[in-house]
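Read the numbers this way: they start at 1 and go in the same order the structure lists the ligands and their atoms. Because only heavy atoms are used, hydrogens play no part in the values below, and waters and symmetry mates are left out as well, while side chains stay in.
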Amino acid sequence: MRALALLFLLASTVSAWPSFDLDTPVNDDSTSTAQKQQHVNTLLWKIYDKLHDGELLSIANTFNPEGDSSIYSDDGEAVHRLAQELRDNRLLAQHHWFSLFNTRQREEALMLFDVLIHCKTWNAFLNNAVYWREHMNEGEFVYALYTAVIHNEVAKGVVLPPLYEVTPHLFTNSEVIQEAYTAKMRNKPGKFHMEFTGTKRNKEQRVAYFGEDIGMNTHHVTWHMNYPFWWKDTYGYHLDRKGELFFWAHHQLTARFDAERLSNWLEPVDELHWEKSLHEGFAPHTGYKYGGEFPARPDNIHFEDVDGVARVRDLVIMEHRIRDAIAHGYIEADDGTHIDIMNDHGIDKLGDIIEASMYSPNIHYYGQLHNLAHIVLGRQGDPHGKYNLPPGVMEHFETATRDPSFFRLHKYMDNIFKEHKDSLPPYTKEELQFQGISVENINIQGDLKTYFEGYEFDLRNAVDSTEGIEDVELKAHVHRLNHDEFSYIADVNNNNGNTVLATFRIFLCPRKDNNGVIYTFEEGHWHCIEMDKFWKKLTPGRNNIVRKSSESSVTVPDVPHLQTLIDAAKSENFDMSQYERSCGIPKRMLLPKGNTAGMEFALVLAVTDGEYDATHENAAESEHGGSHAHCGSKGEIYPDKRPMGYPLDRRMPDKRVFLGTPNFKMNIVKIFHDPTEHH
Ligand code: CUO
């Protein structure tokens, strides 16, 4: 026994980096989550500078990625490919902008992802991350590292630092960044107030707090890292219902943005139309660390073809082909077979072809409407490359929602999805019913009250370091929407003689349009925002259900600051698992703003049969990773068998079906906005 313990001890000393021997494959199970966290923190600190950490630096100088292919699950295939690119001097230089939508740059970032995802141990992962950080473009490196930490098992437990503290340029205005540079030069600490882009003369500015929210942007960019359009199952697993999640996460962003607009006396977003002019221009006031400012776009432009990317005509053709598939009720796969979409799974396939992702069954025919549209919109400031402008905000998931054209584009996508949902038969009462279950009431405990609060984040990574001089404290100060905590309370009768598993689906739907006209069920159901979804067991008789707003499966808490992660990782009791997922609507934005007089919403509770709905055995006991509603459950199948948005996803021509279903209930509630800023 003693000898065995000694052996373990030896093994752990051997595997402690950086003194490992490359010729002996090492078991690095001894790397604690805290150590891994600190490695990631260090790798992401000042990404435009050389590594500052001596130990990591020595890896960079000594590690040979091709030295031992047994550390990779693909026998080193990916690393040989990337190393060859490096030898051939083909890799993008450092200190240059990076955009995922640039084909060659994406190829490079994915070559590194391919290396990292095939690392069998943390040591292999770390060594490669360190090595390639020194040899590759910083933007490519950050992207590959984030996606690999999300998808490689060896990084389990590591919390990715908030991107707004790693690449602050993509999250705050240039004015703030300039102030930070000045403060750094003068060696004086500073806090700089970040205003939302635009002036009061631009009515879009009233809702800029949504599109420019650092947490909302983090959700969006992280969603795309969890469900990348370039994902292939050969990376290790299948991303369940990826196409449908693409629809649902963006449908919810769209519906939430419209609810914010209604809260601010604005009309819902109108869809983009390729042949009409684009009304809203945009001046981003944001820039790259290297590559200048993001290009601006004036009002009322007419769409131009973008050289080397797409002609407007091609986008129109793709749209027609997709709409044809919807009208036919089937998608034509590339081998000529037909895939039926007139069912619950059709939306998933449609998501795949519209985005388009690698899951698209016929990318040659249906093209890549959504991805190309992002580039075409991003380039309208310089469509023929005459001015050598860098990519626009629409060509980065971090920055896209800042531009009002993002919501126009996604309303346009959303309407295509709606055309499909509208083509399916409305649910019948029989389909909706949950035998023996009736909801007696649904209400809110506490107030639905929103307010703006101040929040600070670290800007030290926006500026360069000066050797021998400590960084001064540099912070950005932002306004963020927040709300008081509240709970949903419901009384649910179970008239069955036995305990049953129930799925609770809670939505909030704006009651009136911007003219004050009450939405019919047929119009209103598409504007509903998902608030929560969870499973509970109902005992026979009356069940009083209380669910806190903070428990929502739609939201995530604030990602801890990078400095907090650095400090926390110094402790061996490090456990930040509650922050592991940063995909999800920020907790504080669960409620739309509402208004001072109280804005009316229909609060909807649908209780459905959990025995049928739940795909996981322990549905009632588990939170499935916390934010499964829009982000799925990592590495697992989606917890809910029903279509996302069920039962409000299809047409509702006859409200009596909803009102006469005893397991559904609706109540009108008001959201109040308190205009005084909280601190
Ligand atoms: Cu998220 Cu268009 O899909 O930005």
(request) List every atom of ligand 1 that sits less than 4.0 Å from any heavy atom of His370, numbering the atoms from 1 in the order shown and giving each element. (result) 2 (Cu), 3 (O), 4 (O)

(message) In this structure, does ligand 1 have an atom that sits under 4.0 Å from one of the heavy atoms of Phe406?
(response) yes

(message) Would you say the rings of His374 and His410 are close, in the sense that their centroids are separated by under 6.0 Å?
(response) yes

(request) Could you check His273, Glu319, His370, Glu271 and say which one makes a side-chain hydrogen bond (donor to acceptor under 3.5 Å, both in side chains) with Tyr412? (result) Glu319

(request) Return the name of the atom in His374, of element N, O or S, nearest to atom 2 (Cu) of ligand 1. (result) NE2

(request) May I ask you to list the atoms of ligand 1 that are less than 4.0 angstrom from any heavy atom of His250? (result) 1 (Cu), 3 (O), 4 (O)

(message) Are Phe507 and Tyr646 an aromatic pair, judged by ring center distance below 6.0 Å?
(response) no

(message) Between Lys349 and Asp352, does any NZ, NE, NH1 or NH2 come within less than 4.0 Å of an OD or OE carboxylate oxygen?
(response) yes

(message) Between Arg651 and Asp422 (salt bridge meaning N to carboxylate O under 4.0 Å), is one present in this structure?
(response) no

(message) Taking N, O or S atoms only and a limit of 2.8 Å, check whether His410 reaches atom 1 (Cu) of ligand 1.
(response) no

(message) Just to be sure I read this right, does ligand 1 sit under 4.0 Å from the backbone of Trp223, its side chain, both, or neither, counting only heavy atoms?
(response) neither

(message) Quick check on contacts: which atoms of ligand 1 are under 4.0 angstrom from a heavy atom of Phe246?
(response) 3 (O)

(request) Examine Arg297 relative to Phe282 and say whether NZ or CZ is less than 6.0 Å from the centre of the six-membered ring and inside a 45° cone about the ring axis. (result) no

(message) If the cut-off is 4.0 Å to any non-hydrogen atom of His224, which atoms of ligand 1 fall inside it?
(response) 1 (Cu), 3 (O), 4 (O)

